[in-house]
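Reviewing the structure listed below.
In what follows, chains are A, B, ... by sequence order, proteins preceding strands, each numbered from 1.
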Amino acid sequence: MRCVATSTLPPSIQARRTTIAMKLVMAVSGSLFVLFVIAHMYGNLKMFGGQAAYDDYAHHLRTLGEPIAPYSGVLWIIRVVLLGSVLAHIYSAFYLWSRAQGARTTKYRMKKAAAATISARFMRWGGVALLLFLIWHILQFTTRTINVNGSHDSPYDNYVAAFQPSVWWVFVIYALAMVALAMHIRHGVWSATQTLGWTGNVRARRRANTLAITLAAVVSIGFILPAVFVLFGVIK
Amino acid sequence: MKITLKVWRQSGPKDSGGLATYELDDITEDMSFLEVLDVLNEGLITSGEEPVAFDSDCREGICGMCGLMINGSAHGPEVTTTCQLHMRSFSDGETITVEPWRADAFPVLKDLVVDRSAFDRIIQAGGFISVNTGAAPDAHAVPVPKENADKAFASAACIGCGACVAACPNASGMLFMGAKVTHLGLLPQGQPERDARVVKMVNQHDHEGFGGCTNIGECAAACPKEIPMDVISQLNKDLRTAMQHGR
Amino acid sequence: MTDTITEIPVAPTAPEAPSPAAPPAPTAPAAPVFDVPLENAGIAHGLYRDGENISDTKAPPGDIQSKWTTRQFEAALVNPANRRKLTVIVVGTGLAGGSACATLGEAGYNVKAFCYQDSPRRAHSIAAQGGINAAKNYKEDGDSTYRLFYDTVKGGDFRSRESNVFRLASVSTNIIDQCVAQGVPFAREYGGLLDNRSFGGVQVSRTFYARGQTGQQLLIGAYQALERQIAAGTVEMNTRHEMLELVVVDGRARGVIVRDMVSGKVETHLADAVVLASGGYGNVFYLSTNAMGCNVTATWRAHRQGAYFGNPCYTQIHPTCIPVSGDHQSKLTLMSESLRNDGRIWVPKNREDCGKDPRDIAEEDRDYYLERIYPAFGNLVPRDIASRQAKNVCDDGRGVGPAIGDFRRGVYLDFTDALQRMSAEAVAEKYGNLLDMYQRITGENPYEVPMRIYPAVHYTMGGLWVDYDLQSNIPGLFVTGEANFSDHGANRLGASALMQGLADGYFVLPNTIRDYLSHGPYPKVEETDASVVAARTSVQARITKLLSINGERTVDSFHKELGHIMWEYCGMERSETGLLKAVDLIRGLKDEFWRNVKVLGSAEDLNQSLEKAGRVADFLELGELMCIDALHRRESCGGHFRVESQTDDGEALRNDDEFAYVAAWEWGGEEGMPVLHKEDLVYEYVHLKQRSYK
Ligand SMILES: Cc1cc2nc3c(=O)[nH]c(=O)nc-3n(C[C@H](O)[C@H](O)[C@H](O)COP(=O)(O)OP(=O)(O)OC[C@H]3O[C@@H](n4cnc5c(N)ncnc54)[C@H](O)[C@@H]3O)c2cc1C
Ligand code: HEM
Ligand code: HEM
Ligand code: SF4
Ligand code: F3S
Ligand code: FES
């Protein structure tokens, strides 16, 4: 028979070792991602402002905080924070995933979902999809390890080159990634507000869900729009 | 009515178990689901087969003893307990699959009977207000705002049936725990132990082998007492606060 | 195991059982002929013997107000260091047992608790809906300890002990304090203070409640206090363990034999004292509002070991239950009596209207019979009167609802007026969960169609005889809650059972048991002691016997048949002929049970048929004693109407000259007959008078 766990650690330390603490890690790191993708999407929308606007923005990112911070300094800080968050996010995600696996080793022969949204059910595999996308994405745009359609000095030119109809499959990858992202944000944002304890009544829960759906739509559409325009040759 | 039951039979904790199929006619709409199982069992005994073991006691929807996975839904298609589910919720000729709660923290003892003592141990860990008999001040010494009293009551309505765990894709017991933490945490009497209570309970919950919550919401949809997800939010918040208080 | 397909035959129909529809047979062919004076018909028929009178020796003399303080002071103390060395077994962890375990654990005794459910939180106490009484007088409406005492004695129809009732009334206020401190979410007013309502025919507002779930909230409070002690290591909780025998060594209760209901292991547990808090035995009627597992086994086994059974025939029939809908019915559901505060009860004036939609029956064709017969109390008459009148109008052929057999058993409880007076929202706020429950069970919407109700067995006032210390006549055996006979006399007031359970467990028993324990620790008993071995062997033999009969009838079919007999002859209305017939029928049934019951499966396993079989075997013996008790008590009192004892206009007539006593029955042995010991009841404070609600 299992018995009551006794621990001599102070409550605040014990609290850090719980599944809820894991969830908090995920909610905080996830929220940072949300902020990041919003900013990133906003930056990408500068594609509509033409080559100068976009390149300036890309350059500006690197000179941010100068002269106090060195060239690319702030960008690196952001990168480090993001990388840390990604690791924390992935660690806690897999921790909870494996716990859930172990919590029900005999499956139901028949199980119906009554309330789970598709997004909620797609969270884990969706997260994996996003991870794969991210790796691909960084190899393509940041490290330029994978060159699709040539490498250019101007970030604008790089962008345009990537979404040419000749390499339509790149667009498809991004489009699919945006679907995954929308779904991840849809459940993730709602979930983070709940995890942070901000949804203590029906109204707050409804608001959190509206916020989640809105952000999911805005971010995914905002991201894909410039790419669509490139694909159809409006932006060149 | 005529129905086909596919019932989980498992002779003991170590047996692997399987579904057995039984045909029943002579079922009426006024029968409760458990009365159908009674009828099945009377028939099984007469024909020399061991009856299906299942738990129930009050049959009024309050003791929390009953609980079956019926056609893939905890407590069946209505928002109620299995004992309060009536056959008018099914149609003539239907095939109904009946399984026990599935969670490793709720091991199957026999057929449809599971061991839910993990819930008791979560309460043991801190789900109470420490007051010895005789040590209480007059009941009117501490007024409680009606709004808090009502919300505490709504959370206290939990019957400990375990449907939340059964329905949760992560087999998490957060709704059950959130209900208790909210009930006690909203009352002035519950304040002194508030931080320690939530931490100890959540630790015990994890120790028992329940999954973590990822805010899916199946639990609240299955809860026969309609405990809302608010209580999980409250639980999360209380745990975060306890962490911040950093004692 | 692989998937299999089996064709199930239709459930076998129970062999001929007396149909409850039929009026009691005028003559009882099977019963012995009785040409003897009616007063001692039972004795004359060789059904029981008289023994010497008994009395309570524990209540200290003196003024009723000071008895309890005196007793608390006189009860010896146990040194805290010695408490750990004393073990107390508590069977049952409902309100009475759970609260006792928690309190004894806090005091530092070594407590071993048992219950048959998978958690103490599921005890039957959880089902209580209405509320709990306490003489707090928060409403300043003239309530007081004395008034609660007075109402309880009067409500019990002068068949309870004054000293016990007074104590109950005086500790009632502490209960509320204790529960509030534990976090029990009682209903509150906007100012944040506790709300009260008036309940069950009482004219003051002294009932504390938590919507329709008072029992649940109180039990969860006690359960949490208990779990806290389990964590502290003072209480060892054994769930899914059923007590099957009491161990008596050298005349003292020293332990219990239990069966682990999961592994089937028969275990012996020994202690310095044993507390039975195993609840009531209403399930002897098969259909009752009790939980499926409620049983008499714990107390009956103690009775067979020598504990006297007090007033076994006193049962309470509750007027507002959901009527039976068919033969498959496994239990009856109670709806809180509080519904009678706003609902009006009626049946059609004309039999022809009974099948009609009630909404089509004109106002002038409705008989609001309670308001008609009892204008002062109307729909709020006490439970027994409301129940009996419902039975009367149905017997008169004016019942409503589906006909079971050729008989309609139901009366309307109509909220139409209330809905017009208070708005649907206000009604929902007050009664919402009850009305929803009704709709769930019947499929009818009570906001549109009047509800149907019918009386059902609900509570048993009888139980093991105890003295002021709650100790039975076996030293070291204490009995609390519904399992004892004390406090409620022949009829219990609404909202008083919860009060008694918690009073016993939190405040009374912990004080009185310490007097007994102060003389301990008692000599160590070995598991090899002859009485222990005998108790254990008898349990094993019984289990083996039940499994080996392998007859043709299921346990449930016996239980159902017993229930029919009890309801028909030992229910609301009783008669000499009927009871004699019932004794005969039960004996026949018992005989058949031990020849023809079919219990499958093994003893070393979770085996629910085996559990039921053991319980039904005890019910069969109890049922017989109940009938004998009812037979000997030739008066109408409390909830019971004895046809031979009525006023000219057909109201119940109590007979104080002959029956102002507690009937404490001693087990007469397997072949012998029960022995009747009387405890005379003396009323010094509340004067004996006939109840009248006209
Ligand atoms: C539907 C309903 C509504 C009610 N409403 C009210 C109300 O509003 N107000 C009021 O005051 N009263 C009410 N009552 C009555 C009241 O609920 C009970 O009388 C009271 O709760 C009994 O408490 P208890 O602790 O004595 O027994 P129970 O709560 O019945 O507990 C019995 C305990 O004994 C254990 N047990 C029994 N047999 C064995 C055995 N052989 N071995 C091991 N363990 C055993 C059980 O597991 C359980 O733990 C109501 C009753 C019913 C049926
Ligand atoms: C790097 C790849 C990523 C992986 C592997 C991943 C995986 C996951 C997983 C498995 C969950 C848990 C959800 C559940 O189990 O239901 C989760 C939650 C979440 N994710 Fe991600 N995710 C990734 C990227 C992102 C990104 C880019 C964002 C933001 C746009 C994000 C935001 C969130 C949020 C807000 C949550 C909710 C946290 C909570 O439950 O409280 N994630 N993620
Ligand atoms: C249609 C969708 C997207 C497009 C077209 C796009 C395009 C780009 C481009 C052009 C860059 C290079 C910018 C530069 O180096 O200045 C970049 C960098 C980056 N993008 Fe995206 N992006 C998209 C979606 C995303 C998403 C969904 C994420 C996160 C989950 C993401 C994460 C990143 C990261 C981490 C970098 C690297 C930043 C750095 O460290 O320099 N992108 N993206
Ligand atoms: S929260 Fe609801 S589903 Fe879970 S145990 Fe309590 S009542 Fe059952
Ligand atoms: S379904 Fe499970 S994931 Fe959380 S919200 Fe409910 S416990
Ligand atoms: S049997 Fe008690 S809730 Fe169903």
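- Highest contact tally toward chain A, considering only B/K151, B/Q234, B/H205, B/M69, is held by B/M69 [criterion: heavy-atom pairs under 4.5 Å].
- Ranking A/G200, A/A204, A/A100 against chain B, the residue ahead of the rest is A/G200, based on heavy-atom pairs under 4.5 Å.
- Residue contact with chain A, scored on non-hydrogen atoms closer than 4.5 Å, is absent for B/D115.
- Annotation: maximal heavy-atom pairing with chain A below 4.5 Å, among B/M229, B/E218, B/M174, occurs at B/E218.
- Below 30°, between 30° and 60°, or above 60°: for A/Y159 and A/F163 the angle between ring planes is between 30° and 60°, a tilted geometry.
- Comparing B/P169, B/A166, B/P228 by heavy-atom pairs within less than 4.5 Å of chain A, the highest count is held by B/A166.
- Contacts between A/W190 and chain B at a heavy-atom distance below 4.5 Å involve the side chain alone, from C-beta outward.
- For chain A, the option among B/S172, B/A220, B/G212 with the highest count of heavy-atom pairs below 4.5 Å is B/G212.
- Residues A/Y108 and B/P100 share a closest heavy-atom pair of CE2-O, 3.5 Å.
- When heavy atoms are compared at a cutoff of 4.5 Å, B/C219 does not approach chain A at all.
- In terms of heavy-atom pairs under 4.5 Å with chain B, the best-connected choice from A/G102, A/A113, A/S119 is A/A113.
- Taking the six-membered ring for Trp and the full ring otherwise, A/F223 and A/H40 have centroids separated by under 6.0 Å.
- For an aromatic pair to be called close, the ring centres must be under 6.0 Å apart, and A/Y174 with A/F133 satisfies this.
- Between B/H75 and B/W101, the ring-plane angle classifies as perpendicular under the 30° and 60° cut-offs.
- The two residues B/R116 and B/G160 have their closest heavy-atom pair at CD-O, 4.5 Å.
- Among B/A221, B/A167, B/G217, B/A222, the residue making the largest number of heavy-atom pairs under 4.5 Å with chain A is B/A167.
- In this structure, A/Y42 has its ring center no closer than 6.0 Å to that of A/Y57.
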